[in-house]
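Input: a single structure, listed below in structure tokens.
Every value quoted in this text rests on a predicted model; they were computed, and no experiment measured them. We name chains A, B, ... by the order of the sequence lines, and we start the count at 1 in each one.
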Amino acid sequence: MKRTHCQPLEQNFYSASTVEVARSLLGKVLVHETEGEVTAGRIVEVEAYLSHGDEACHAARGQTARNAPMFGPAGTAYVYLIYGIHYCFNVVTGKVGEGEAVLIRALEPLLGLQTMFRRRGSDNLKKLTSGPGNLCRAMGINLTHNGHDLRYPPLYIIADNFQTAEIVTTTRIGISSAVNLPLRFYLAHNPYVSRK
DNA sequence: TGGCAGATTTTA
DNA sequence: AAAATCTGCCAA
């Protein structure tokens, strides 16, 4: 019997267009294995950042030391610190040298809830992994994961038998340029989406 | 609901 | 120096 649904997603998954990967990531499960602790959550909200006509994309002004992982192969993790406080976790997409990515904005907690609550220092389930900074803190994602190949532990993405129903498309959150592009996607009616 | 502090990295 | 793909707390 095939059990591919328990294996990390493979290269062909990440090689589709950035918008396709963004939409396909909805409903998939992000897993982080640390010493003795496993946390996992279903991806319920994402944003696509494109290399052409998208001034909000970190890669829009060319490659720098910070955004270098964005120019690597699809399926690489791009993690950066924002506002001096929060980490944001992105999945690199597109061709090598292109500089596209999908920002993971919210998860539905599935595994390791106690660990997540401890890392967050909060007991609010609704906000546990809702928002890009929150989910990184709960999942234990930081700069050590920057550039990591998401096909391998300790940080990877899998598909289970979850069936994605309705996907809502909106403009992106928290940006000051390219504000009208419809590149944010989330699972309709999911309570862990950061905002409607 | 709105305004702001928090505290780091990058170069907008 | 200013800005950055944010969050939580506080006051009204």
Count the heavy atoms of every other residue, nucleotide or ligand shown that sit under 6.0 Å from CG of A:D123, and state whether that count exceeds 12. no
Is atom CZ of A:R172 surrounded by more than 12 heavy atoms (other residues, nucleotides or ligands) closer than 6.0 Å? yes
When all nucleic acid strands are considered with a 4.0 Å heavy-atom cut-off, which category describes A:S177: base, sugar-phosphate, or nothing? nothing
Assign A:I85 to base, sugar-phosphate, or nothing according to its heavy-atom contacts below 4.0 angstrom with the strands shown. base
Boundaries of the chain A footprint along DNA chain B (any atom under 4.0 Å from a heavy atom): B:dG6 to B:dA12
Of all residues at least two apart in sequence or in a different chain, which pass the side chain to side chain donor-acceptor pair (under 3.5 Å) check with [X]?
X: A:Y49; value: A:E47
X: A:R61; value: A:E55
X: A:S17; value: A:E20

Fill in the dot-bracket string of DNA chain B, one character per base: . for unpaired, | for a pair to another strand, ( ) or [ ] for pairs within the strand, taking Watson-Crick or G-U pairs under 3.5 Å. ||||||.||||.
Got a sec, which pairs hit ring pair (Phe, Tyr, Trp, His ring centres under 6.0 Å) with one end in residues 165-196 of chain A, sequence neighbours left out? none
Residue pairs passing the ring pair (Phe, Tyr, Trp, His ring centres under 6.0 Å) test with at least one member in residues 92-147 of chain A, sequence neighbours excluded, are A:H32-A:H145
Among residues two or more places apart or on two chains, list those pairs meeting salt bridge (Lys or Arg N to Asp or Glu O under 4.0 Å) that have a residue in residues 148-159 of chain A. A:D149-A:R151
Would you mind listing every salt bridge (Lys or Arg N to Asp or Glu O under 4.0 Å) that reaches into residues 180-196 of chain A, with sequence neighbours excluded? A:E45-A:R184
Show which side-chain atoms of residues 76-86 of chain A pair as donor or acceptor with protein atoms under 3.5 Å away, not counting sequence neighbours.
from, atom 1, to, atom 2, distance (Å)
A:T76, OG1, A:P73, O, 2.7
A:Y78, OH, A:H58, ND1, 2.8

How close or far is atom [atom2] of [N] from atom [atom1] of [X], stated in whole angstroms?
X: A:I82; N: C:dT7; atom1: CD1; atom2: C1'; result: 12 Å
X: A:Y83; N: C:dA2; atom1: OH; atom2: C1'; result: 13 Å
X: A:K126; N: C:dG8; atom1: NZ; atom2: P; result: 15 Å
X: A:N124; N: C:dC9; atom1: CG; atom2: P; result: 10 Å

Taking the nucleotide of DNA chain B with the nearest heavy atom to each, does A:L81 or A:R61 sit closer to the 5' end? A:L81
Comparing A:H86 and A:L143 on DNA chain B - which has the more 5′ nearest nucleotide: A:H86
With syn defined as a glycosidic torsion within 90 degrees of 0 and anti otherwise, which applies to B:dA12? syn
Using heavy atoms and a sub-4.0 Å distance, could you list which residues of residues 178-187 of chain A are near DNA chain C? By number, please. none
Which of residues 89-123 of chain A have a heavy atom under 4.0 Å from DNA chain C? A:N90, A:L103, A:R105, A:R120
OG1 of A:T170 to CD1 of A:I173, rounded to nearest 0.5 Å, is 6.0 Å
Side chains of [Y] and [X]: any donor to acceptor distance under 3.5 Å?
X: A:N124; Y: A:S122; value: no
X: A:E33; Y: A:Y156; value: yes
X: A:E100; Y: A:T93; value: no

C:dA3 phosphate, OP1 or OP2: any side-chain N/O from A:S176 under 4.0 angstrom? no
